[in-house]
Amino acid sequence: MVKPWFRLICKREQLQLLGTLNGGQSFRWKFIDLEGDKKWIGVFEKHVWILKQNDDEISYQVYGSDNDEKFYNNMLANYFQLNLDLKQHFAEWSSKDPIFKKAANQFYGIRILNQDLVENIFSFICSSNNNISRITSMVEKLALLFGEKICDIDGQVYFSFPPVEALAQDDVESVLKKEGFGYRAKYISESAKLITKEGVGRWLEELKTLPYEESRTKLITLTGIGPKVSDCICLMSLRHLQSIPVDTHVYQIARKFYMHSLPKRKTVTTKIYKDIGDHFRELYGPLAGFSFVLI
DNA sequence: GACGAACCTGGCTT
DNA sequence: AAAGCCAGGTTCG
């Protein structure tokens with residue numbers, strides 16, 4: 001059955017799909033360019049989305065349920081956090097920071113996505129000390145092995161991200177080991193089991209109500225989640241926009257352009273981690289994490 | 001409590 | 001060709 005095309009009014013300067021979907025925030029989007037017909041295909045919230053963009057709007061198709069344009073527009077606006085006026089904040093941060101200003105002139109419309117909490121917990125467990133292409137294939141495998149089929153488009157089957165309960169089954173670790181997940185197989189299995197033991201709904205709902213520092217600490221109780229992964233989840237799934245995930249890249253930039261006295265280390269220590277986060281929170285304010293996409 | 005080393009895997013570099 | 005290096009860090013000692 002052919003799905004209708006819907007439209008979401010949205011200026012390109014407020015949202016640029018390339019930078020937002022291809023920046024390593026989500027691992028579930030693919031860019032397709034068939035003879036100039038450019039589109040993005042991805043999965044979120046148990047739906048498959050096909051997105052196209054021009055200067056004034058996003059046109060899209062949705063697979064997975066039947067609903068009206070208004071309903072889906074809300075889902076998209078929520079996913080992209082379109083309530084936040086990016087242009088206004090970019091102007092503010094540019095006035096405070098000439099380095100940001102320079103970057104903002106070159107890049108625009110890059111936003112922090114508001115992603116599914118469970119998907120991000122397990123996707124970012126996969127991300128540590130790993131490369132984007134393998135992370136992507138691991139997330140796809142999790143969906144394929146333990147998720148549910150959403151639909152079939154042009155011979156390609158799409159799966160939703162599995163619920164915690166599915167990842168807490170007894171054979172998950174051995175299955176993932178066999179699938180090449182390495183030591184992260186155990187992290188995924190153990191984390192899913194811990195959440196399940198405490199009650200999936202209860203654990204997740206409590207996490208959503210906690211303030212930033214406390215939700216950060218609660219996430220770190222899971223195996224395979226440390227400071228950086230925890231901040232990714234806080235920023236991208238719990239809307240704690242003051243959270244600054246300090247990866248090696250951010251550390252290099254911070255040391256080179258912002259904090260020249262930062263010691264040179266192979267890995268980021270706890271103190272360095274905190275100092276960098278505090279520096280940018282001081283510089284950009286409570287939405288500092290949102291500026292992080294350009295750092 | 002603060003470091004540094006070890007860590008699965010696969011792709012890319014010597 | 002085989003070894004070495006590295007990638008959105010975390011865990012372990």
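Note on naming: letters A, B, ... go to the chains in the order of the sequence lines (proteins, then strands), and numbering restarts at 1 for each one.
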Participant: Pick the P atom in C:dG8 and in B:dA2, then give their distance to the nearest Å.
Facilitator: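 27 Å, rounded to whole Å.
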
Participant: How would you list, by chain and number, every residue that makes a side-chain contact (heavy atoms from CB on, under 4.5 Å) with A:E140, sequence neighbours excluded?
Facilitator: A:K30, A:T136

Participant: Please report the distance separating the P of B:dG10 from the corresponding atom of C:dT11, rounded so that it comes out in whole Å.
Facilitator: 22 Å

Participant: Is any side-chain heavy atom of A:I188 less than 4.5 Å from a side-chain heavy atom of A:F181?
Facilitator: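 They are in contact (side-chain heavy atoms under 4.5 Å apart), so the answer is yes.
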
Participant: Would you give a per-nucleotide map of nucleotides 8-13 of chain C, 5' to 3', where B means the base has a protein non-hydrogen atom under 4.0 Å away, S means only the sugar-phosphate does, and - means neither?
Facilitator: BBSS--

Participant: With distance as the sole criterion, is a donor-acceptor pair present between the side chains of A:S291 and A:H89 under 3.5 Å?
Facilitator: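 Side-chain D/A pair, A:S291 to A:H89: absent.
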
Participant: Need two values: the first and the last nucleotide of DNA chain B, 5' to 3', having an atom under 4.0 Å from any heavy-atom of chain A.
Facilitator: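 Using the under 4.0 Å cut-off, the span is B:dC3 to B:dG10.
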
Participant: Taking atom P in both B:dC8 and C:dA2, compute the distance separating them and give it to the nearest angstrom.
Facilitator: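 Here B:dC8 and C:dA2 have their P atoms 24 Å from each other.
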
Participant: Is any side-chain heavy atom of A:W5 less than 4.5 Å from a side-chain heavy atom of A:K52?
Facilitator: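 Side chain of A:W5 against side chain of A:K52, heavy atoms only: contact under 4.5 Å found.
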
Participant: With A:E13, which residues qualify under salt bridge (charged side-chain N to carboxylate O under 4.0 Å, His left out), at least two apart?
Facilitator: A:K87

Participant: Quiz question: by atom type and distance under 3.5 Å, do the side chains of A:N131 and A:S133 form a donor-acceptor pair?
Facilitator: yes

Participant: Answer with yes or no after comparing the ring centroid distance for A:F44 and A:Y79 against a 6.0 Å cut-off, counting only values under it.
Facilitator: yes

Participant: Decide yes or no for A:E69 and A:R7: does some side-chain heavy atom of the first lie under 4.5 Å from some side-chain heavy atom of the second?
Facilitator: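 Heavy-atom side-chain distance check passes, below 4.5 Å.
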
Participant: So what does A:R265 hit on the nucleic acid, given a heavy-atom distance under 4.0 Å: a base, only sugar-phosphate, or nothing?
Facilitator: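 Since only primed, P, OP1 and OP2 atoms lie under 4.0 Å of A:R265, the category is sugar-phosphate.
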
Participant: Restricting to ring pair (Phe, Tyr, Trp, His ring centres under 6.0 Å), what partner residues turn up for A:F27, sequence neighbours left out?
Facilitator: A:F124

Participant: In whole Å, what separates the P atom of C:dA1 from that of B:dT9?
Facilitator: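 Result for the P pair: 24 Å, nearest Å.
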
Participant: Are the side chains of A:I58 and A:L17 in touch, meaning some heavy atoms are under 4.5 Å apart?
Facilitator: yes

Participant: How would DNA chain C look in dot-bracket form, 5' to 3', counting Watson-Crick and G-U wobble pairs with both distances under 3.5 Å and writing | for bases paired to another strand?
Facilitator: .||||||.|||||

Participant: Does a side chain donor of either A:D97 or A:Y258 reach within less than 3.5 Å of an acceptor in the other side chain?
Facilitator: yes

